[in-house]
Protein chains: 2
Amino acid sequence: MQDEATSAPPPARARPNLAAVAALAGVSASTASLAFSGAGPVSATTRAKVLAAAEQLNYAGPDPRAQSLRRGRSGIVGVVMEDRLRDAFRDPVNIAMLDGISDELGTASLGLLLLTEPGQGGVDLSIAPMDAVILVGCSTQLDKAVVVFRQRGIPVVAIEAEPMPDVLAIDLDNRDATARAARHVRQLGHERVALVTLPLEPSHARGVLTAEREAASTAYTVRERIRGAREVFPGVTGVVASASLVEEGLIAGRELLSSADRPTAIIAQSDLLALGVIRAAEERGIRVPQDLSVVGFDGVRIEGADAYELTTLVQPSVAKGRAAGRAIVELLEGGTPAPSGFRSELRIGNTTAAAPR
Amino acid sequence: MQDEATSAPPPARARPNLAAVAALAGVSASTASLAFSGAGPVSATTRAKVLAAAEQLNYAGPDPRAQSLRRGRSGIVGVVMEDRLRDAFRDPVNIAMLDGISDELGTASLGLLLLTEPGQGGVDLSIAPMDAVILVGCSTQLDKAVVVFRQRGIPVVAIEAEPMPDVLAIDLDNRDATARAARHVRQLGHERVALVTLPLEPSHARGVLTAEREAASTAYTVRERIRGAREVFPGVTGVVASASLVEEGLIAGRELLSSADRPTAIIAQSDLLALGVIRAAEERGIRVPQDLSVVGFDGVRIEGADAYELTTLVQPSVAKGRAAGRAIVELLEGGTPAPSGFRSELRIGNTTAAAPR
DNA sequence: CTGTTAGCGCGTTCAC
DNA sequence: GTGAACGCGCTAACAG
């Protein structure tokens, strides 16, 4: 059977397609398709012929792009992160969540397309061939994108985002949890309390937490946590960090601790920020927790924070990610998963104590 | 022109397509296509008509999957990481690299599809609709996948991988750099030296570094670094960690430091491991660097390692990522970028000193 | 400026 | 078991 092939030089050097393989194998395209997909009944002989032809033509198998079109599925799930990746990945909490997501998606053989909010010059969100989308802590700026997704029939799951119509929410008790921590602080007798918040705007501007900034912000998680603190300390204010980093906590801490009547307790919106605050205190000889109580959020293990057992709100990051991934899978299978809410636990360490004097 | 449309109720509630929009707008499909893509000359009137029709039908714009097929491009670049994401992202070096990659890809409006090596139950590598692939520190187990990519004409760039045909290499001087560090250690008079290596096998098995394991391993970077150390300390051996984590360094350090004639210097293959080793020494009251010299690799800033300025090899992680991303973009534009090699710099800190006695 | 004509490469009905 | 035909939704050529 190879006689002709050897006599006539293999002509097509271009990318072969299924039809070419089928032709060389002497079968129809549909048969060849079945031979590859494994679905449907194909005789062993025929399959072997097809495979041989494929090998001869250097055919790699069905084209994923064409499959996507035909099947109406690309097998890709977009994960939209709020920040630049370099910022997002610096916080262990995000990594843990992503890990949970990827775990569930991987199980369903779904790929994970990493995207960032527009404005940072990434891919146009509505143009990528995705079957579903997970929004991670995204601002409401994504409204337009969400509309497009809905028009396309692309299911959307949002982790800790402002409730949006037709978007399945995976939520965290940011407000309640912060209120619980604040209550703990108040019970210790603290009255001069300050906040160190995560970024309020996409610009990641550092600075004082003003009423205007707060009102203008679209950062759901940040606002919820602020509100939680206000439930206990109504007028409480503080400073805004530009990212969830120890370094940023340090800067914020210096700011807060330099004033004459400095706070006796600081509620930080992440463990990294809290650790930075502690460093700032150390710099000034302010003892934690004797002179200053510090509360964090997340409950991540931070290398090098061994000296302290941070009082913090332990949130189930991986579980959150898993829930989102699971929900996506169910939605793609036509199911109707329920929104879910996760709870953070206050873990009291040795960075909070009775207010001085 | 709208008369008929208003008399007959809008029938199709199903997902509209370009043809439907064109029909309702009273233009041809190709014209409608141009109206959306913005390419080609379309009169303002026509465009408006098309857009109005689209809005009326709730049409979200061209289907990305169909565009992919037609254009032969999906706009997606796969990034294959060796480990589970949870492991990979725990090391700042990988995050930095990914950041460099995503920066360049974002500039070219390319999406980043996160994949892991098969075996961990992820997506079948050859089935995702990717335009190009970046392999990050991958083992040679990807041979088959690489063959498929080549057949498909999908360009492949590999960061720190065993050289493979038709794969553009972005390399790091793992061997030379380690040799330089080892020479520094020898100059300080050390003779009893041990290694703490990164995982040698996909299984991430912890344990002693044996000749068999080493020979069987496909972990390019790890082997290169071992070889570099051997150039200076020919018979040197040590232990294998199961991941690049402080915790793992701690375990490895305990192992190495428990023996009677313990090493006076330990060369770790990452800063995280090195920090763990230092912790192990602290546990036993072994002073660093007086009693034990420790060398790392990467030059990342680790929170909480303030007490020490680690002697380490500073590698340009972000630049590596950028180079890979840039190469991909050039390859997709039909260019032929040259392979590149990056150099690590030995940064001498205060964790190495003259050998004791 | 706009319409017509062809496919991109594949999967999926149906008949036989 | 297998083949023939059709269409997924869009866009690149040309023709007018």
Side-chain angles (χ1 to χ4, degrees), chain A residues 12 14-50 53-54 57-75 126-131 151-154, chain B residues 1 12 14-51 53-54 57-75 126-131 151-154:
Chain A
R15 207 97 43 237
N17 60 18
L18 192 49
V21 173
L24 191 134
V27 300
S28 83
S30 67
T31 304
S33 175
L34 292 183
F36 277 106
S37 71
V42 180
S43 79
T45 334
T46 310
R47 164 174 288 120
K49 261 197 303 194
V50 173
L57 286 180
N58 206 29
Y59 176 70
D63 181 329
R65 281 179 285 258
Q67 288 187 140
S68 296
L69 175 58
R70 187 61 246 237
R71 302 216 236 249
R73 284 280 171 93
S74 64
S126 54
I127 230 172
M130 310 179 288
D131 296 342
Q151 290 178 327
R152 287 239 169 82
I154 294 180
Chain B
M1 305 89 177
R15 206 103 37 241
N17 60 18
L18 191 49
V21 173
L24 192 139
V27 300
S28 83
S30 69
T31 304
S33 175
L34 292 183
F36 277 107
S37 71
V42 181
S43 80
T45 333
T46 309
R47 164 174 289 122
K49 261 197 304 193
V50 173
L51 263 43
L57 287 178
N58 205 28
Y59 177 70
D63 182 328
R65 282 180 282 259
Q67 285 182 311
S68 295
L69 175 58
R70 186 61 245 230
R71 302 220 240 246
R73 283 279 169 92
S74 64
S126 53
I127 231 171
M130 309 179 288
D131 296 342
Q151 290 178 328
R152 287 237 168 84
I154 294 179

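Both backbone and side-chain heavy atoms feed into the values below; hydrogens, waters and symmetry mates do not. The chains referred to below are lettered A, B, ... by the order of the sequence lines, with proteins before strands, and numbering in each begins at 1.
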Rounded to whole Å, CZ of R152(B) lies from C1' of dG9(C) at a distance of 11 Å
Please tabulate, for the side chains in residues 42-51 of chain B, all donor-acceptor contacts under 3.5 angstrom to protein atoms that are two or more places apart in sequence or on a different chain.
from: S43(B); atom 1: OG; to: T46(B); atom 2: N; distance (Å): 3.1
from: S43(B); atom 1: OG; to: T46(B); atom 2: OG1; distance (Å): 2.6

Once base and sugar-phosphate atoms are separated, protein heavy atoms under 4.0 Å mark nucleotides 2-11 of chain D, 5' to 3', with B, S and - as BBB--BBBBB
Between R65(B) and S68(A) the two heavy atoms that sit nearest each other are CD-O, 3.4 Å
Interatomic distance, CD@Q151(B) vs CZ@R15(A), rounded to 0.5 Å, equals 10.0 Å
Of all heavy-atom pairs linking A53(A) and V21(A), the shortest is CB-O, 3.7 Å
- Message: Between D63(B) and R70(B), does any side-chain N to carboxylate O distance fall below 4.0 Å?
- Response: no
